[in-house]
2 protein chains.
Amino acid sequence: MNSTTNTNKKIKSTKEKILDAAFELISTYGYKGASVRKIARAVGIRESAIYNHFKNKDEIFKEIMKNLFSSPIDDFFDRKPLLESAKKGRRFLNEYVASFKLVSFDVKNEKFFKIIILELMQNSEVRELFLKYFYQENIKKLSQAFFVMMQEGIIKYSDPMLMAQEFFAPLFYYRLQITLLRMDSKPTNILSTIFEKHVSFFWENIAII
Amino acid sequence: MNSTTNTNKKIKSTKEKILDAAFELISTYGYKGASVRKIARAVGIRESAIYNHFKNKDEIFKEIMKNLFSSPIDDFFDRKPLLESAKKGRRFLNEYVASFKLVSFDVKNEKFFKIIILELMQNSEVRELFLKYFYQENIKKLSQAFFVMMQEGIIKYSDPMLMAQEFFAPLFYYRLQITLLRMDSKPTNILSTIFEKHVSFFWENIAII
DNA sequence: GTCTATAGAGAGATAGAC
DNA sequence: GTCTATCTCTCTATAGAC
């Protein structure tokens, strides 16, 4: 174990520094606005030095894109057996939303979210990943969970896919609002409990009894 | 009434042509990407000629911004007395959503929507208008409508503001998805009836009986 | 692996002839 | 009101010295 493994305090390589600076700049100015000039200045090197680590600007973005959708929400589904924990009904939804809320208020994840929105209308690959991530990953798994709940007789019978979308959409909407408010340093206290309220509102309406 | 009033087929002035071209370009490339060069080329004039009609590039964007949020959804609330039509309950929601759906699939409005998303993370004024429009205009009026329904005993008692947000959020989410799918010429048939399904799902859960 | 120097394109904007 | 010509800046990227 030498310094190159960067176990603890990690001395960052120039390549890592470039990626960090690029990530920061792209999340505020977007891909076009984050120029190689700005990135180099942020790192403290010349533009030409960038090209010793990346073939071109696009390669930098591609590297950052790899982590764009690997957020803690995925981990949520990985952490526990879906079909088993779904049986917990409302408690399952509470846990899911708590995880989503944590991600929404996390600074690093907020920057990823900003990049997604910034590039959504410009980059078809981002669109592809966006639809895949929010659909395949979240909606599909949520609909499975709702299906389990129906089978268990905890909630009313309905279209699980529709239910999943109806459940997820407000989460996305609230997250977007939080991000926008925070960008202009506006208070988000109105939204601090909205996630919990959402679960209550939703549950009241799908639960049996 | 002479040719300058442009009553019927309207011979467009250069200024109008510039605005049209700029609108088109901004909706695909964003503000930064829609260069004065590109706009001039699209109109068929030189860049310098642009400056006879607008002080600078920013003035062009400001002019377009004026119409950014004056969409037909506003008209919906203007057209009919809110407190009276809200008493119709589900029929009111159906009409509101039908209006929203029309806007979502309208090509011109889709371009406005794209500009909003493109500039949301870059332009604080767009953010301001976005929050104002979607909050003050839509959510506030919807919550008034829900309050009326509660008073009338058509729906269960609850927080009208929360209800309005929960009702509106999926509409926004579905609209975004439709826009993204259409950008890559992907089928939207899965979403063609989602707006109606949303009303059904929501209504079932708030209605008394 | 970093630097200087430079190329070549595209950006916003202005001066002045017609 | 449109043109040509031009200025100044910023951008991505490469060549070659150290």
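Distance CD1 (A:Ile45) to C1' (C:dT4): 15 Å, rounded to an integer number of Å. One can place CZ of B:Arg46 at 17 Å from C1' of C:dA11, the figure rounded to the nearest angstrom. Protein atom CG of A:Asp58 is 12 Å distant from nucleotide atom C1' of D:dT12, rounded to whole Å. For the pair A:Ile26 CD1 and D:dC11 P, the interatomic distance rounds to 14 Å; values are reported in whole Å. When rounded to the nearest whole Å, the span between OH of B:Tyr31 and C1' of C:dA11 equals 12 Å. Remark: C1' of C:dA11 and NZ of B:Lys38 are 10 Å apart, rounded to the nearest angstrom. Nucleotide D:dC7 holds its P atom 15 Å from the CZ atom of B:Arg37, rounded to whole Å. To the nearest angstrom, P of C:dA11 lies 11 Å from NZ of B:Lys32.
Phosphate contact (OP1/OP2 of C:dG10, side-chain N/O of B:Ser35, threshold under 4.0 Å): absent.
Between B:Phe146 and B:Phe167, the distance separating the two ring centers is shorter than 6.0 angstrom.
Comparing A:Lys55 and A:Gly33, the nucleotide of DNA chain D nearest to each residue sits closer to the 5' end for A:Gly33.
Put simply, the side chain of A:Asp184 never gets that close to the backbone of A:Lys186: no donor and acceptor are under 3.5 Å apart.
Results of the ring-ring contact (aromatic ring centres under 6.0 Å, His included) test with B:Phe100 over B:Phe76, B:Phe77, B:Phe168 single out B:Phe168 as the only residue that passes.
For A:Lys80 and A:Glu95, the salt-bridge test passes: some basic side-chain N is under 4.0 Å from an acidic carboxylate O.
Contacts of B:Ser48 with the nucleic acid, taken as non-hydrogen atoms under 4.0 Å apart, include base atoms.
The nucleotide whose nearest atom lies closest to any side-chain atom of B:Glu47 is, among D:dT12, D:dC3, C:dG12, C:dG12.
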